[in-house]
A.B. asks: 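Here you go, one structure.
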Amino acid sequence: MVEEELDIYEPVYLLVRAVPIGKVVTYGQVAGMTEGVSLTARQVGTAMRFAPPGVPWQRVVGAGGTLPIAKRSPEMKSRQREMLEREGVIFLPGVAERVDMRQCQWMPDVDEQESLFGSE
DNA sequence: GATCTGACCACCG
DNA sequence: CCGGTGGCCAGAT
């Protein structure tokens, strides 16, 4: 009896909520980190679109620190950048805006991940 | 229920 | 650095 098809993205939201202020993660990173659930980066994107209140979706960026949302919604992109900068995320200068991953990419320890998913 | 689309990503030129 | 391409698979139509 396992009707756990309520929210397959639950682990994603759990993980994103755990991202500290001033740090970011990439879609692909989240996809790879949520072991137990087979997800692709695209699905994480979908998950963010369905992101319920309380999930800091702005802290999820594209590979290399880009803002893939810029293509679809330039306005939202600006909003995302504002929120991130307010949280202390560093943006690198250049034509295409991108986060300074070297400093701001969140890389949780195994222990932290276990805490989140309650692994043993 | 088939087809198109997409808050992605790696690869190639 | 930028554009195109294929693969991914859950939503939207």
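Since this is a predicted model, take the numbers as computed values, not measurements. A note on names: the letters A, B, ... follow the listed sequences, proteins ahead of strands, and every chain is numbered from 1. Both backbone and side-chain heavy atoms feed into the values below; hydrogens, waters and symmetry mates do not.
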A.B. asks: Does either side chain, that of A/Q58 or that of A/E82, offer a donor lying less than 3.5 Å from an acceptor on the other one?
C.D. replies: no
A.B. asks: Side chains of A/M101 and A/V61: does their closest heavy-atom pair fall under 4.5 Å?
C.D. replies: yes
A.B. asks: Identify, between A/T46 and A/T66, the residue whose nearest nucleotide on DNA chain B lies closer to the 5' end.
C.D. replies: A/T46
A.B. asks: Once you round it to whole Å, what is the distance between C1' of B/dC9 and CE of A/M101?
C.D. replies: 13 Å
A.B. asks: May I have the distance from A/I8 (atom CD1) to C/dC8 (atom P), rounded to whole angstrom?
C.D. replies: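 Atom-to-atom, A/I8 to C/dC8, this comes out as 17 Å.
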A.B. asks: Return yes if a side-chain donor-acceptor contact under 3.5 Å exists between A/S78 and A/E75, otherwise no.
C.D. replies: no
A.B. asks: In terms of side-chain heavy atoms of A/A63, which of C/dA12, C/dG7, B/dA10 is nearest?
C.D. replies: B/dA10
A.B. asks: Counting distance alone, no hydrogens or angles: does the base of B/dG6 have a donor or acceptor under 3.5 Å from a partner atom on the side chain of A/R49?
C.D. replies: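 There is none.
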A.B. asks: Rounded off to whole Å, could you give me the CZ-to-P distance for the A/F50 and B/dG6 pair?
C.D. replies: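 Computing the A/F50:CZ to B/dG6:P distance gives 14 Å.
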A.B. asks: Please state how far atom CZ in A/R98 lies from atom C1' in C/dC1, giving the value in whole angstrom units.
C.D. replies: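 Rounding to the nearest Å, CZ of A/R98 and C1' of C/dC1 are 11 Å apart.
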A.B. asks: Nearest to the side chain of A/T40, heavy atoms from C-beta on, is which of C/dC9, B/dC8, C/dG11?
C.D. replies: C/dC9
A.B. asks: Expressed in angstrom and rounded to an integer, what is the separation of A/R42 atom CZ from C/dG7 atom C1'?
C.D. replies: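 Distance check: A/R42 CZ to C/dG7 C1' gives 9 Å.
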A.B. asks: Out of B/dC9, C/dA10, C/dC8, which has the shortest distance to the side chain of A/P68?
C.D. replies: B/dC9
A.B. asks: Measuring from the side chain of A/V95 (C-beta onward, heavy atoms only), which nucleotide among C/dC9, B/dC9, C/dC2 has the closest atom?
C.D. replies: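 Of C/dC9, B/dC9, C/dC2, C/dC2 is nearest to the side chain of A/V95.
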A.B. asks: Less than 4.5 Å apart, side chain to side chain, heavy atoms only: is that true for A/M33 and A/F117?
C.D. replies: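 Side chain of A/M33 against side chain of A/F117, heavy atoms only: no contact under 4.5 Å found.
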A.B. asks: It should be established whether A/Y27 places a side-chain nitrogen or oxygen under 4.0 Å from OP1 or OP2 of nucleotide B/dA10.
C.D. replies: no
A.B. asks: Expressed as a whole number of angstroms, how long is the span from A/W57:CH2 to B/dG6:P?
C.D. replies: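 The distance from CH2 of A/W57 to P of B/dG6 comes to 18 Å, rounded to the nearest Å.
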A.B. asks: Which of the following nucleotides, C/dC9, C/dG11, B/dC8, is nearest to the side chain of A/A41?
C.D. replies: B/dC8
A.B. asks: Please report the distance, rounded to the nearest Å, between CD1 in A/I69 and C1' in B/dT5.
C.D. replies: 16 Å
A.B. asks: Measure CD/A/Q43 against P/B/dT5 and give the value in whole Å, please.
C.D. replies: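 Those two atoms, CD and P, are 17 Å apart.
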A.B. asks: Select one nucleotide: of B/dC9, C/dA12, C/dG7, the one nearest the side-chain heavy atoms of A/T26.
C.D. replies: B/dC9
A.B. asks: Please walk me through it: do A/E87 and A/R59 pass salt bridge (Lys or Arg N to Asp or Glu O under 4.0 Å)?
C.D. replies: CA-CA 10 Å; A/E87 294 179 356; A/R59 293 180 198 153; 2.9 Å; yes
